[in-house]
Amino acid sequence: MEFNAYAKLNLTLDILRKREDGYHDLQMVMQSIDLCDRLTLSPARGEGEMRTNLAYLPADGRNLAQMAAEAFRRATGKGGAVDIAIEKNIPVCAGMGGGSSDAAAVLRAMNELTGAGLSLMELAGIGQNVGSDVPYCVLGGTALAEGRGEILTPLPALPRCHVVVCKPAFPISTPQLFARVNVRRITCRPDTPGLIAALEAGDLLGVARRMYNVFEDVLEPRRRSEIDAIKSVLIDSGALGASMSGSGPTVFGLFDREDTAREAFGRLSGLYKAVYLCQTV
Ligand code: C5P
């Protein structure tokens, strides 16, 4: 069986508090886009193998997709060994939830293959120990994710629009970025209730204007400058709003017009290798 695993973007990312377990309570409005990995699952003859088209990715129990298959078997007692082949199209370590989305697709696939009949919310519950973004990725679409990422509220869909996504070449470590955050020092936060009200009103410009990610404030200055430069290209080309996704370094812009989105895509493609012209899902 073949499944799509869609990339996610953070329309907002706010950090509310540090928890005693070392994680942070977050408030994030998430959105799926049509940039996706392709997963093929088949019943295994042997112990179950994993393949990906990226040689440097672990293809064993450290891969979130394998962890998800194991978590599903433990939770339901169903499902034998499966072979999993992943065609990776979502950039890795980008803040777009690629690994989490693969894990979520495996949970949905195993639910179908075994006929277990779990609801999406039950599958999201199984996914929460695989990774903090896995529950949202099970649900997909437009949703509010709170707590560690496991408290989900579906939201009215973002009005269909064009999305230009650009991943600069430098890596960002998620745990290291969280370690740089001092929650009491966060001065600039996204207007999450205002953005949700704009979603309810179907107001794309109102959503785009309210997008913000508190991680942008704790980036090293030279990284921050590069993120800001990409945002400027997006806005200069006609984006209604632009923001960094997740713990970065991916930056994206929302466009109501295809011609302006294409212009931004063209300009950024001349500067960066990983640039995508997408639509919301
Ligand atoms: O759960 P996941 O493996 O995706 O999280 C990666 C790291 O990000 C965690 O080890 C933790 O340092 C940080 N994190 C956090 N609070 C969250 C989610 C992740 O501090 N809500």
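Remember, it's 1-based here, ligands and their atoms both numbered in the order they're listed.
- No chain of hydrophobic side-chain contacts below 4.5 Å, direct or via other Ile, Leu, Val, Met, Phe, Trp or Tyr residues, connects Leu39 to Tyr6.
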Using distance only, find each side-chain donor-acceptor pair of residues 268-281 under 3.5 Å and give its atom names and separation, not counting sequence neighbours.
from   : atom 1 : to     : atom 2 : distance (Å)
Ser269 : OG     : Phe265 : O      : 2.6
Tyr272 : OH     : Glu226 : OE2    : 3.0
Gln279 : OE1    : Arg160 : NH2    : 2.6

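- Every pair passing salt bridge (charged side-chain N to carboxylate O under 4.0 Å, His left out) that includes a residue from residues 21-32 is listed here, sequence neighbours excluded: Arg17-Asp25, Arg19-Asp21, Arg19-Asp25.
- Taking a cutoff of 4.0 Å between a charged side-chain nitrogen and a carboxylate oxygen, Glu220 and Arg222 qualify as a salt bridge.
- For residues 230-250, the salt bridge (charged side-chain N to carboxylate O under 4.0 Å, His left out) pairs, not counting sequence neighbours, are Glu216-Lys231.
- Relative to the six-membered ring of Phe3, Arg108 misses at least one condition, a distance below 6.0 Å or an angle of at most 45° to the axis.
- For ligand 1, the protein residues within 4.0 angstrom (heavy atoms only) are Gly22, Tyr23, His24, Leu26, Gly131, Ser132, Arg148, Thr174, Pro175, Phe178.
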